[in-house]
Amino acid sequence: MDIWFPTHSMLTCDELAIVVAHTAIKALLVPAYRSTDFEVHRNWLSLTASLPISEWYRDEASPWTLDYPPLFALFERALALVAPLFDARMLERGALGYASHATVCFQRLSVICADSLLYAGVAAALSARRAGRSRGAAARARSDALAFAFVACDAGLLLVDHVHFQYNGMLLGILLLAAAAVERRAHRSAAALFASLLLLKHLFLLTAPLFFVQLLRAHCFVRTPTRLAFSPRRFCELAAIVVAIAAGVLAPFAAVGALGDMTNRLFPFGARGLTHSYWAPNVWALYNAADVAAVAGARALCAAGLVRRDGGGQLARAASAMIAHTSGAVEPEAHAVLPSVSPAATAVLTLALNAPVLAAVWARPNARRFREALCVTSLAAFLTGWHVHEKAILTPLACAALGALDGPAELRAFLMLAAPAHFSLLPLLHGPAEYLLRVLIPCAYAAGAVLGVLLVDRRLFAAFTRADAFYLAGFVPLELCVSIVLPVLAGARLPFVPLMLTSIYCAFGILRATWLLAAVFWLARNERAS
Amino acid sequence: MAADGPISLASSAAIVLLALLVRHATSLHPYSGHATPPMFGDYEAHRHWMEICANLPLAQWYAPSAHNDLQYWGIDYPPLSAYLSWALGRLAARAHPPLVTLHASRGHESAETKRFMRGTVLAVDTLVYFPAALLLARARAAGARTPARVRAFALAGLLLQPALVLVDHGHFQYNCVSLGLALGAQALAAHPRAAAERLRPLLRTLLPAAVLFCLSLNFKQMSLYYAPAFFAHMLGLSLRLPGSRRRAAAIGALGLTVLATFAACWLPFALAGSEASLAVLRRIFPVQRHIYEDKVANIWCTMSVLPFLKLRARASPADALRLSLGATAASLVVPVASMVRRPSRAAFELGLLCSALSFFLLSFQVHEKHILLALAPASALLPDAPLLVGWLLLVGTFSMFPLLERDGLGLAYGAHVALLAVLVAVARRARESDGAAAAPTARPSERGFADEPRTAPAACARLERALRAAARAAPTLCACSIAGMGALHLAAQLVRPPARYPDLYALLFCMFACTHFCAAWLALQAWHACNLLGREPRLWDEGLALSGSPPADAKSAARRPAAKED
């Protein structure tokens, strides 16, 4: 039971067809727009290939310094071994901004190949869920293929990884492999996979409490006839696995004394603000917006002569600092009216929101419900975390997509999350040249999703309400407004307004979807309990 | 209409959006002649036409002058192409003036203007080809047993067909306009109700079809490849009318419509003087050029590997012209007779394909891109014979590979082939699970003729048996053919051709593809011979039982149609 084979991640015929078609579209997107993240990763390739390990986290030749954990650096080092087959010049230290055709092909291809882990992860997660369900074989195959497409072909992932350029697919794949291992009760594999994931990208620390609680409760506690007994042997077993992996990866860095530099790079608290320059659509976006609105209100009151002018001047300065922040600068901002928020406060809030879920998992560590708990906790972290990037929504979105076809409530929660999540990622493609991609990728995904659900079982749409339809329809005027009306009317004067509108509208949608997903999680628990 | 349920709507939307995404993504790749002075490629040709048409008076568009050097990409398509160039040129003069300044804009290339030019192709594609494809898919689904499936896969075939996307949005051309107009004409003319034996309903569908087809002809003269089929089908339908006065009225009305459409298209040139019109004719029928260009997967080019059959070297252009015209005409006798004698939707669909293939294989001044004319009507048949049609589309794309690779479209080619493979696999599966494998596309009653002969001559039965045997062997043959194509691709990548034969691989690709086109063409001739002799055979048994996957389980087969047909 405990040994977990990768055979669970074998693809079915339908899934293979999806993978081939999806890969073909990625290949067509090779010459598409790429953000500075392309140069970031090229720099890391060149940095890891040409510098000794002690310099990796110290080098500042390029502004795009290495700020991912060591296993990712080693991954880049491995890629750099293959790179000379395409174009050796991309590895030279002086080649800042180098992007020959072969370099582009190589880097894009590396993302496409790394996505095989995503496919494996999705297949494993689906097959873990499949075990023990009793539905008709044909219906199950079709709905599984659709769920596979929901996750693997996600419009947001395509946009962020294969246009914007990042390796989120691979990381998400490993997370799903770990979650699937938990669902199969293969706890040792889960611990190993999750430890590796943390060493690839430390952002997944936000999901660590859940993994810790689940593994501790389900693996290290044994039920005796009278009570729950802690088994030190089993705890040491898991701890040994995690420590061995961490030590194996960190040892080369520790040997050259680079751990301090690494920590400074990985956790740059103080240098970052509450929100990213483009407000990720979470609670803090609404908080900032409320602050801006309060300033605007106060200024109106000043103008009307109801308040003394001095206070108004101060407010205006604070507000303009905040607005400068939304238009690009990455620096801590101060709120003008509302109290400023500290990193510790966000951490407490996140933990407080997660606590009931963690408690529920502790009370009944049901492996079948682990993915839903993962979805809710990562969503809470997204909503309340410190300096969250808009891309962090991809994790809860994938978790919601996996179970989207379990029932009407699940489908509704997923689609109501996917719409604002995808829309909030669109500002990544901001140029006029990218406009068609920006419209076509999410629209094609949405049309495909609706068609897929109709083909599987149209009754799944039963839970949608009129309010949902209104919210979804709202994206049309919003898009017209942020892409056409405002740029034409306001020109360059108000560059932050479209981004602010997008964040606020999407933040409402994501909050609402969080409510729906939490309802799915708790109701399903109670059903099972009764 | 039954096919208008939510599934049809959602599948149409999904296919259209996917097709747009695929087109846009393809257009990010290089175009023909990118950064290769002095002549560049088709992209520069179209840009140059925009420059000429936007800056010179109409009478000088096709005529040599100090401002119009015909040796440098002189315009060689009929007036509608020139009008489109004019309209786009005027647009460019506003949006990007350097793109179309007279003389100074030669070889103008920039990321911004590439986007503009690509955008124009996408726009006319969306405005002309997409509606035509939607119309044709809808017309094909009418009367089918599983309309939603036929409609979805006909649309997918038409819109995701790799060759057209690669040539228009990769290589850079505006084939989508002439093909879209022709397919729109096909959708109108092939409508089953057109077989009604009353004059007015017939003309109501045929006259718009005739107008559309004439517009297509006036956009690119290559639409002539379809002319015999349109002529024969419309004549055949007209002759079905009871009473000689009605027949004469139908034929007269069609003739007048054609004349009027042509007159409208040519009017500006006629007003500019007879010399202007003659200049157009000289440019669009380049009889002084030779029988084929570069390497083409047709019979003349394939024959040229034998030195004594090398027409380009051994015959004058005039002789070659006479020979090719005669051969093409002879090859059209059977399909035309079959369509005139027993017109039907199937006969028309296969007649268009057969006629286009005849021209491609045997006519004069053929380019490798002209295979698009055969692939367009074939792609609409995807739901009926996914394997055969997919195979033909694959070979057609393969035959253009040397051209596409030269343009830097190798990656896009690979991606499109993979997409096609998935599309064919999905179409096959859907067809099997719908239990349509053994059912004809249209119910006999829909064909509208009372005089179906019950018995047919023995020759017909023999032909039909042969066709069926060939179709049953199709999966095996297709596998071998794909292996052959893969081997050729590998060899072309790994083994350098001998210095004496630098074009060896281009020629091998063409010959390989030519054998397939000839086989398809022979099968179509046999089909039309059968039809002529009195029985409409089915070309649709493609050996599904041999494909290894039995029809999907009974449960899903039973529920699927209920879910699909509202």
Side-chain angles (χ1 to χ4, degrees), chain A residues 13-14 16-33 101 104-105 108-109 112 135-142 145 153 155 158 162-163 431-459 461, chain B residues 5-30 111-112 114-115 118-119 122 148 152 160 162 165 169-170 408 411-423 425-426 429-430 433 549 552-557 559-560 563-564:
Chain A
C13 275
D14 290 328
L16 190 67
I18 293 167
V19 168
V20 172
H22 193 224
T23 307
I25 290 176
K26 293 178 205 165
L28 281 178
L29 287 173
V30 163
Y33 157 84
H101 179 63
V104 175
C105 282
R108 291 278 201 207
L109 201 65
I112 292 176
R135 276 166 80 180
R140 202 178 59 194
R142 242 183 295 146
C153 307
L158 186 68
H162 300 277
V163 182
E434 286 77 65
Y435 191 71
L436 271 177
L437 282 181
R438 171 190 163 115
V439 174
L440 287 175
I441 290 180
C443 286
Y445 180 82
V450 170
L451 173 65
V453 175
L454 283 175
L455 287 175
V456 167
D457 189 351
R458 70 176 57 179
R459 284 166 304 181
F461 280 124
Chain B
I7 290 190
S8 266
L9 206 65
S11 60
S12 300
I15 293 166
V16 164
L17 286 165
L18 181 63
L20 284 171
L21 176 59
V22 162
R23 278 163 169 72
H24 177 57
T26 308
S27 79
L28 302 170
H29 290 252
E112 225 185 355
K114 174 184 174 185
R115 232 166 39 230
R118 294 294 206 190
L122 191 61
L160 296 173
V165 182
H169 299 270
L411 181 65
Y413 167 86
H416 275 281
V417 166
L419 274 179
L420 177 67
V422 171
L423 178 61
V426 175
R429 228 178 132 132
S433 67
S549 50
D553 50 314
K555 237 192 271 171
S556 84
R559 205 179 38 237
R560 194 76 167 270
K564 283 203 152 187

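Numbered from 1 within each chain, the chains take letters A, B, ... in sequence-line order.
In this structure, chain A has a heavy atom under 4.5 Å from the side chain of B:Leu411, while its backbone stays farther away. Contact annotation for B:His29: both backbone and side-chain heavy atoms come within less than 4.5 Å of a heavy atom of chain A. Looking at A:Leu437, both its backbone and its side chain come within 4.5 Å of chain B, counting heavy atoms on both sides. Interface remark: B:Leu420 contributes no atoms to any contact with chain A (heavy atom separation under 4.5 Å).
If you tally non-hydrogen atom pairs under 4.5 Å between each of B:Ala425, B:Ala13, B:Pro30, B:Ala14 and chain A, the highest count goes to B:Ala14. Chosen from A:Ala27, A:Ala433, A:Gly448, A:Gly452, the residue pairing most often with chain B at heavy-atom distances under 4.5 Å is A:Ala433. Heavy-atom pairs under 4.5 Å with chain B were tallied for A:Ile18, A:Val450, A:Leu16, A:Asp14; the largest tally goes to A:Asp14.
Contact of the A:Val30 side chain with the A:Cys105 side chain is registered, since non-hydrogen atoms from C-beta on lie closer than 4.5 Å. Side chains of B:Arg429 and A:Cys13 form a contact here, defined as non-hydrogen atoms less than 4.5 Å apart. Between A:His162 and A:Ile25, every side-chain heavy-atom pair lies at or beyond the 4.5 Å cut-off. By the 4.5 Å heavy-atom criterion applied to side chains, A:Leu158 and A:Leu29 are counted as neighbours.
The list of side-chain hydrogen bond (donor to acceptor under 3.5 Å, both in side chains) pairs with a residue in residues 440-449 of chain A, not counting sequence neighbours, is empty.
For A:Ala17, the side chain to side chain contact (heavy atoms under 4.5 Å, CB included) partners two or more places apart in sequence, or in a different chain, are B:Val422.
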